[in-house]
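Values below: every heavy atom of this structure, side chains too, minus hydrogens, waters and symmetry copies. Chain letters run A, B, ... following the sequence lines, proteins first and then strands; every chain starts at 1.
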Amino acid sequence: MENMKPMKVRELLKSKEIGKEVLVKGWVRTKRGNKQVNFIAVNDGSIIHNIQVVAEVAAFNDDLLKQITTGSCIAVKGILVESPAQGQPVEIQAKEIEIYGTADPETYPLQKKGHSLEFLREIAHLRPRTNTFGAIFRIRHAVAFAIHKYFNDHGFYYIHSPIITGSDAEGAGALFRVSILDPKDPPLKPDGSVNFAEDFFGKETKLTVSGQLEAELAALALSQVYTFAPTFRAENSNTPRHLAEFWMIEPEIAFYDNNDNMDLAEDLLKYLIQYVLDQCKDDLEFLQKMYDPELIERLKFVINTGFERRTYSEAIDILKASGQPFEYHVEWGIDLQAEHEKYLVEKYYKKPVILTDYPREIKAFYMKQNDDGKTVRAMDVLFPKIGEVIGGSQREENYEKLLSRIREMHIPEKDVWWYLETRKFGTAPHSGFGLGFERFIIFITGMSNIRDVIPFPRTPQNAEF
RNA sequence: UCCUCCUUAGCUCAGUUGGUUAGAGCAUCUGACUGUUAAUCAGAGGGUCGCUAGUUCAAGUCUAGCAGGGGGAGCCA
């Protein structure tokens, strides 16, 4: 059996080579049958469907068949035949079965029955073996691959921004410290504070919250770059849309203004959705059937509609005139709350919305200042179901304006001197944005909790597995 | 971090104004069935009612604290 090349279930199910001897290896989903014949559904994760293995009871040792239970892992050699019954085009008439690993049915937690997503989160080491998580992880892979394909095909270069950072200038929330100092007895300075000069890097270091600043450095040389990397937020956020460790895609493009930026964001999102519709049809249909009846319709709708592009000020006017009983009062200058974004996207425009030109006070220091002295050239893409999926802007390329903003916001210049120098030497207009990978996977899979679209979620009080 | 709800069999859940032996479906085990599709049919086993303290003649049920989880909000992607 071992000198034969195994075939994937995905290949077997579309094979036309009836009568051929084949080898398949995978995990048993169910076994049923009677005294004469057993039907074993085998799945190897290559596709959501199983291959049916038919074993004549008389041809096999009783003990062997008894050990084939839900969750066990087997190799089967047999003849690929057309299935005489409904449900599958082909099946394998087993000649030899080898058991790689048994799974005690009394203790194996996965049943043939459906499980709650909450329960599966507690057994994240086994949940990849379910139909749901197989589908999600195949789709997650497809989106990740399509991101690289899209950028590569459009002349972008993939930049690896650092994971460990010496500055917390990104201004995107709390950071995790990276240190090798003894937490019980750290070296102290005369004033009693921790002396990070004795730490590994000779200064206080953190896990990055964004690769953007470094991506800008690269964009001002390679013109079109993107990052795709994990980022970390030490916020105590307990919601179905937040992770402490998540992945982000951050394109950064020289000579792009904010309109070019929006065009790129919209085109990228539509490309990714189309790619998944083309490549992951079976998985999407399964998720639609089990979790979200309107999933595929919604994905197609987003591809076929133009995103509504409005300014922040226009959005405020619409919200004020809406007559909605918002919990948070609407006034020019406020940061839009979830309820406001939801109203604009799901009730008012009923499609994805891109808002631009936000008040400078509620946005980051690096965003390009408009001539009105009040707003910056930001753009947020708001999606149904998940809210802000992209946040970006044209960047401030003027040295003096950027420096004055840095001083106004009390950002230590010693932390960003290198960033400032790109505006001193050959500065260029440029733009970019950040796309939350898991947020987007929520949208594209129809899942409702971000912990179900990443294999091993990290959230406050939880770093198991 | 705030608000709110939940925690009973391996899983999903029911359990009346506090009352005597805590139930169901699925799963598991045993048996039946010549091709099943989350097979079907019959039977059996399976419980520290999250933990701790309290109220009461009596607590799965009421109260408090703690732990874990869900939803909403904030922070953000």
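In the set B:G35, B:C33, B:G71, B:C33 carries the atom at the smallest distance from any side-chain atom of A:Lys35. For A:Ser237, whose side chain is taken as the heavy atoms from C-beta onward, the closest listed nucleotide among B:C75, B:A38, B:U36 is B:C75. Nearest to the side chain of A:Asn34, among B:U34, B:G74, B:C11, sits B:U34. Here B:A38 is the nucleotide among B:A38, B:U36, B:G70 with the atom lying nearest to any side-chain atom of A:Thr30.
Summarising the base pairing, B:U40 is matched to B:A32 through a Watson-Crick or G-U wobble pair whose two defining distances lie under 3.5 Å.
Remark: of the listed residues A:Phe443, A:Trp247, A:Phe228, A:Phe228 is the sole one forming a ring pair (Phe, Tyr, Trp, His ring centres under 6.0 Å) with A:Phe437.
The phosphate of B:G70 has OP1 or OP2 within less than 4.0 Å of a side-chain N or O from A:Arg121.
Contact annotation for A:Lys66: backbone-only contact, meaning every heavy-atom pair under 4.0 Å involves sugar-phosphate atoms and none involves a base.
For the pair A:Glu388 and A:Phe119, nearest-nucleotide mapping onto RNA chain B gives the more 5' position to A:Phe119. For A:Arg451 and A:Glu339, each mapped to the nucleotide of RNA chain B holding its nearest heavy atom, the one lying further toward the 5' end belongs to A:Arg451.
Remark: the A:Gln111 side chain and the B:G10 base include a donor-acceptor N/O pair separated by less than 3.5 Å. At a cut-off of 3.5 angstrom, the base of B:G35 holds no donor-acceptor pair with the side chain of A:Gln86. No N or O donor and acceptor, one from the side chain of A:His115 and one from the base of B:C11, sit under 3.5 Å apart. The base of B:U7 lies outside donor-acceptor range of the side chain of A:Glu118, with no N or O pair under 3.5 Å.
B:G46 and B:U55 have their P atoms separated by 35 Å, given to the nearest Å. When the C1' atom is compared between B:G47 and B:A42, the two are found 25 Å apart, to the nearest whole Å.
For the pair A:Glu122 CD and B:G10 P, the computed distance is 14 Å after rounding to whole Å. The separation between A:Asn238 atom CG and B:A67 atom P is 14 Å, rounded to whole Å. Atom CG in A:Leu110 sits about 17 Å away from atom P in B:A38, given to the nearest Å.
Using a 4.0 Å cutoff on non-hydrogen atoms, no part of residues 13-21 of chain A comes near RNA chain B.
Of the possible donor and acceptor atoms, none in the side chain of A:Lys20 sits under 3.5 Å from a partner among the backbone N and O of A:Glu17. With hydrogens and angles disregarded, no donor-acceptor distance shorter than 3.5 Å links the side chain of A:Gln52 to the backbone of A:Asn50. Listed for the A:Thr227 side chain is no donor-acceptor partner under 3.5 Å among the backbone atoms of A:Gly211.
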Query raised in the report: Do A:Tyr150 and A:His148 pass the ring pair (Phe, Tyr, Trp, His ring centres under 6.0 Å) test, and can you show the C-alpha distance, the side-chain angles, and the key distance before you say yes or no?
Result: CA-CA 6 Å; A:Tyr150 178 91; A:His148 287 301; over 10 Å; no

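Closest non-hydrogen pair, A:Phe433 versus A:Arg395, comes out as N-NH2, 3.6 Å.
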